[in-house]
Amino acid sequence: MIRMTEPSKITSVPDHQPAAGGIAARARASVGPKYLSGLNPEQREAVETLDGPVLVLAGAGTGKTRVLTTRIAHILSQGRARPAEILSVTFTNKAAREMKHRLGQMLGHAVEGMPWLGTFHSIGGRILRFHAELAQLKSNFTVLDVDDQVRLLKQLLQAENIDDKRWPARMLAGLIDGWKNRGLMPSQVPSGEAAVFANGKGGKLYASYQERLKILNAADFGDLLLENIRIFREHPDILRQYQQRFKYILVDEYQDTNVAQYLWLRLLSQAPAKPAPTVIPGRLEEPNPESGNESSARDSGSAPAAHPGMTASAAGATKNICCVGDDDQSIYGWRGAEVDNILRFDHDFPGAKIIRLERNYRSTGHILAAASHLIAHNEGRLGKTLRTEDQDGEKVTVTGSWDSEEEARGIGEEIEQLQRRGEKLNEIAILVRASYQMREFEDRFVTLGLPYRVIGGPRFYERAEIRDALAYLRVINSPADDLAFERIVNVPKRGLGDATVQMLHDHARKRRIPLFEAARAVVETDELKPKARGSLRDVVAQFDRWRAQREVTAHTDLAQIVLDESGYTEMWQKDRSADAAGRLENLKELVRSMEEFENLQGFLEHISLVMDREGGAEEDAVSLMTLHSAKGLEFDNVFLPGWEEGLFPSQRTLDEQGRAGLEEERRLGHVGLTRARRRAMIYFATNRRIHGTWSTTIPSRFLDELPAANVEITESKGGSAWGGTGGYGASRFDDMEAFGSSYTTPGWQRAQANRNRGGARSGGGYGGFEDETATFSSSSSAGPDFGSFSSRRRGPLTIEGELVAKSTGTTSEFSLSDRVFHQKFGYGRVTKIDGNKLTIAFDKAGEKKVVDSFVQRA
DNA sequence: CTGTGACCGATTTTT
DNA sequence: TCGGTCACAG
């Protein structure tokens, strides 16, 4: 492995000063090394606490990445480990790149020597390639994308004679993904859960899917970790090898880890077992969520002894693992992230040191106060109190408008106003809950001629043209890649439709050969009509030729040749649709990006893990994105439209996840607010068109949860706020008392009423928060005031019932055909049970899916 | 095998 | 309302 250049290269600035005494010398001085200066005491503690497990609770804008990178620099400069002995994982390629970049600035070019800095999946994939044969794979296995997965599952469904209308392949893909996220191999899936798909065939399908993957020499994303876990468990010697290698482990965004990632980390973070491998205790043995008692044990109080075996053998046996995260920013529960992981850290890693980073360097006082007060309504949290030494700044504004169109118009005007005041468009973002909200803004911006860019959306490697191109290359690289072959055999159109593919399948299965070889054989027979036979023969011949050329042509050139000769480029050139040009551009970009890799093989191995959305983003433009994709970003000015019940918090989340869902939505609100440096502007509309039909909405309950002292209710656009640009008649609002200076909208009133009812927890998902009216004096006193508020909230770290129930998949306490009552839908009868989700036939409201905590026995 | 109309169903997204 | 998927006709 590449050695770090020299310790003395470490500086806190990118320049290369000779640094006579070197870092080590300075480290011994009381001041400490230079890179530590400029850290606040908590940050510094997080960097310097090198031994044992550490959890850094890093609130929004508190310098989390800085801590992570400085910690690595510190480990290296102290000579604690060499670069190749540090495992550092992130979730996204973007985060990994950012860390590499920052490290590069601190260390010079030593980053080259950090081979284990990457995403969970890329590192898992890397490890899996080393031991592929232990997973019945070859080291050049393919990583499947979602399309491939679905296509494969469709075939399995057909083979099993299952109606893929009633039981869509996508749904099965989702289930399998969920199981893999939870670390479950086919045999470990709780039978109840395996049965929910296709009348009990779910588990069997999962098993045969895995078998097919091995035959295809392929792995899906979930396998990259799951197969690691399996290998580590079955081969303690291999595990030990990695445990010995990784002296330090760092994890970014720990609140987003799922069970599989947690298990993976747990395995790697145990100190290497010396004698016979001891069984690693606690959750490791039973990722099986059916043992739902675990949670209550965990919950029932102060007993770290809930993991008896672990405390015994793990005390002092856990290595140096440092997880950084923020429970208040956990917004990916719906895709398998376990807030539990972070909430339970000190149980899982006994003796863990917990460090809170609470000084925020991003937002002004009012914004921070609003965000803190909002999130304080959550119960399942570890509790942090963000503070700033910045000025109060402007209050968070809340603006109501008549409908979503009005809302878009108002925001458009406000943006123009900001622009006139000299704000950069790059410093303005609109964060929506759901992507369908974006359309209205796009329309408006197009009319205004306001440059904007949508962030998120389909990623580069998810685009059809990229996948097609990759499929061509995959078939060249591995002729047995049936999924890739199937994808492009008729792209561009060659008259080789379903019928032909079906017969190739039959052939291939009978002779146990890949589709490509089947095609070669079939061409020699007269089973196909002359036309199809001719095109198929051409295809086979073309691939043979490309494979031969591979030996003598650079891989980038080969790619270009393939795209041209296959007619793929031409297909898009002929295409008259608006995005055809962009697709051709993407193809060029793909070919260009291949240069970074040595050969086709290397390119294909990494591409599915590393490809990212395009960079671009040079010109000045407003950013439009979902709240989810805004995590990790910051802007001077942030617009938060659509704060209405049903949309935000999303009704669906509430229905499906109950209270845990509400808390996750609230965290989303917290994430949104904390994106803003100087101005946060919230909007709600009274009427919104959802799926085509207009409906009247009420303001989000989250508005009620904002502290009055830091919020200003403004009139909708064009009005007094900045002197009135006239233009549109603001008059419609003049009559509405709603937009005066106090909380008097119907929603507010309803909310007040509900709140006063108090206690009725299980009713509508509304908790009763007695201290609603707690006023936050503005933020000069923010520190102490927050402190007292939060410390009142920071009770025992128990997790609210549903949260646990949801994350551990316990089964419902209800049984089929129970008679139940629901606050909103009235009486009904349970017709289906899926974990804690019930399907209930209501007497009046019809059949609905609800979370069990929302109903009571009637 | 391909192009056209009916129909269903609608969050959030990374790897 | 809109867009994707599916059955059917050519």
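Keep in mind it's a predicted model, so treat the numbers as computed, not measured. Every chain is numbered from 1, with letters handed out A, B, ... down the list of sequences.
- Using a cut-off of 4.0 Å between Lys/Arg side-chain N and Asp/Glu carboxylate O, Arg444(A) and Glu440(A) are scored as not salt-bridged.
- Residue Gly497(A) is classed as a sugar-phosphate contact, given heavy-atom separations below 4.0 Å to backbone atoms only.
- Put simply, the side chain of Arg689(A) and the base of dT1(C) share no donor and acceptor less than 3.5 Å apart.
- Counting only distance, with no hydrogens or angles, the side chain of Asn687(A) and the backbone of Trp402(A) share a donor-acceptor pair below 3.5 Å.
- The nucleotide whose nearest atom lies closest to any side-chain atom of Ala499(A) is, among dA10(B), dT13(B), dC1(B), dC1(B).
- An aromatic stack links Trp334(A) and the base of dT12(B), using centre distance under 5.5 Å and interplanar angle under 30°.
- What separates CD1 of Ile455(A) from C1' of dT13(B) is a distance of 15 Å, to the nearest Å.
- Computed from coordinates, the Leu640(A) CG to dT12(B) P distance equals 17 Å when rounded to whole Å.
- Here the P atom of nucleotide dC1(B) and the NZ atom of Lys493(A) are 11 Å apart, to the nearest Å.
- Residues satisfying the salt bridge (Lys or Arg N to Asp or Glu O under 4.0 Å) test with Glu486(A), not counting sequence neighbours, are none.
- Distance noted for atom P between dT12(B) and dT5(C): 16 Å (whole Å).
- Atom CG of Leu633(A) and atom P of dT14(B) are 12 Å apart (whole Å).
- Taking atom NZ on Lys631(A) and atom C1' on dT13(B), their separation rounds to 11 Å, with Å as the unit.
- By the 5.5 Å and 30° criteria, His691(A) is not stacked with the base of dG9(B).
- Met438(A) has its CE atom 15 Å from the P atom of dG3(C), to the nearest Å.
- Within the 4.0 Å cut-off from OP1 or OP2 of dT12(B), not a single side-chain nitrogen or oxygen of Ser629(A) is found.
- In this structure, Lys64(A) pairs ionically with Glu253(A), as a charged nitrogen and a carboxylate oxygen lie closer than 4.0 Å.
- Where Gly495(A) and His628(A) meet DNA chain B, the nucleotide closest to each residue was compared, and Gly495(A) sits on the side nearer the 5' end.
- Here the side chain of Asn93(A) is nearest to one of dT12(B), dG3(B), dT15(B), namely dT15(B).
- Listed nucleotides dT15(B), dT12(B), dT14(B) differ in distance to Val146(A); the shortest reach to its side chain belongs to dT15(B).
- Within the nucleic acid shown, Leu647(A) has no heavy atom closer than 4.0 Å to any nucleic acid atom.
- Spacing between atom NE2 of His121(A) and atom P of dT13(B) amounts to 17 Å, rounded to whole angstrom units.
- At a threshold of 4.0 Å, the pair Arg701(A)-Glu705(A) does not count as salt-bridged, since none of the basic side-chain nitrogens sits closer than that to a carboxylate oxygen.
- Taking side-chain N and O atoms only, Asn490(A) has a distance below 4.0 Å to OP1 or OP2 of dT2(B).
- Distances from the side chain of Leu609(A) to the nucleotides dT13(B), dT12(B), dT15(B) place dT15(B) closest.
- No salt bridge links Asp403(A) with Arg688(A); every basic N to acidic carboxylate O contact stays at or beyond 4.0 Å.
- Nucleic acid contact for Ala532(A): none, since no nucleic acid atom lies under 4.0 Å from a heavy atom of the residue.
- Across the protein-nucleic acid pair, Gln149(A) atom CD and dT15(B) atom P stand 15 Å apart, rounded to whole Å.
- Among the protein residues, Asp498(A) comes within range of the sugar-phosphate backbone only, with heavy atoms under 4.0 Å from sugar or phosphate atoms but none that close to a base.
- Here dT15(B) is the nucleotide among dC2(C), dT15(B), dC1(B) with the atom lying nearest to any side-chain atom of Thr92(A).
- With sequence neighbours excluded, the residues satisfying side chain to side chain contact (heavy atoms under 4.5 Å, CB included) with Met171(A) are Trp167(A), Pro168(A), Phe197(A).
- Of the side-chain N and O atoms in Ser122(A), none sit less than 4.0 angstrom from OP1 or OP2 of dT15(B).
- The side chain of Ser650(A) contributes no N or O atom lying less than 4.0 Å from OP1 or OP2 of dT12(B).
- Contact annotation: Thr119(A) does not reach the phosphate of dT14(B) (side-chain N/O to OP1 or OP2, under 4.0 Å).
- Residue-level contact check: Thr693(A) touches neither bases nor backbone, having no heavy atom under 4.0 Å from any strand.
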